[in-house]
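This report refers to the structure that appears directly beneath it.
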Amino acid sequence: MEHEMTCLELVEIVTEYFDDALSLDARRRFETHLTECEGCTAYVEQMRLTIHITGKLTEESLSSTARDTLLAAFRHWKTENNAE
C-alpha cells in the first residue's frame, strides 16, 4: 500500500506537477492530497498565480535594483539550502 503524500513532499514536487512531469501514481497522490489539505490547495493556487504573473515578466522589465535584489535573495537561499 502506498503512503499518503505529506505537505513537504507536495511542496518538493510542485514544479514537476506544473510541468506535467509526474508519474501517474505521483500525480494521483498529489491530487488526492489537494482534496484533503486546504493549506496545500492554497499553496498550489498561489504558485499557479505566481507562474501566470511572472510568465509576463522579462529581464528587461526589471530595474537593475530589482534584478540585483532578486539575485541576492536566490544566492542567499541557495547558500542556506546547501548548508543543510
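As the structure is a prediction and not an experimental result, all values here were calculated from the model.
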Point to revise | Leu49 CG: over 12 foreign heavy atoms closer than 6.0 Å | key: yes

Point to revise | Whether over 12 other heavy atoms sit under 6.0 Å from Glu36 CD | key: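 Counting other residues, nucleotides and ligands, CD of Glu36 exceeds 12 neighbours.
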
Exercise for review: With rounding to the nearest 0.5 Å, note down the distance linking CD1 in Ile51 to CZ in Arg48.
Suggested key: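 Answer for the CD1-CZ pair, Ile51 versus Arg48, is 8.0 Å.
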
**Study point:** Separation of Arg67 CZ from Leu71 CG (nearest 0.5 Å)
**Key:**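 Output value for this atom pair is 5.0 Å.
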
Check your understanding: Under the criterion side-chain contact (heavy atoms from CB on, under 4.5 Å), which of Glu9, His33, Glu45 is the partner of Cys40?
Key ->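 When side-chain contact (heavy atoms from CB on, under 4.5 Å) is applied between Cys40 and each of Glu9, His33, Glu45, only His33 qualifies.
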
Check your understanding: Taking all non-hydrogen atoms of both residues, which atom of Arg29 and which atom of Met5 are closest, and how far apart?
Key -> NH2-CA, 3.7 Å

Listed pairs under 3.5 Å, donor-acceptor, residues 10-20 side chains, sequence neighbours left out:
from	atom 1	to	atom 2	distance (Å)
Tyr17	OH	Glu31	OE2	3.2
Asp20	OD1	Arg27	NH2	2.8

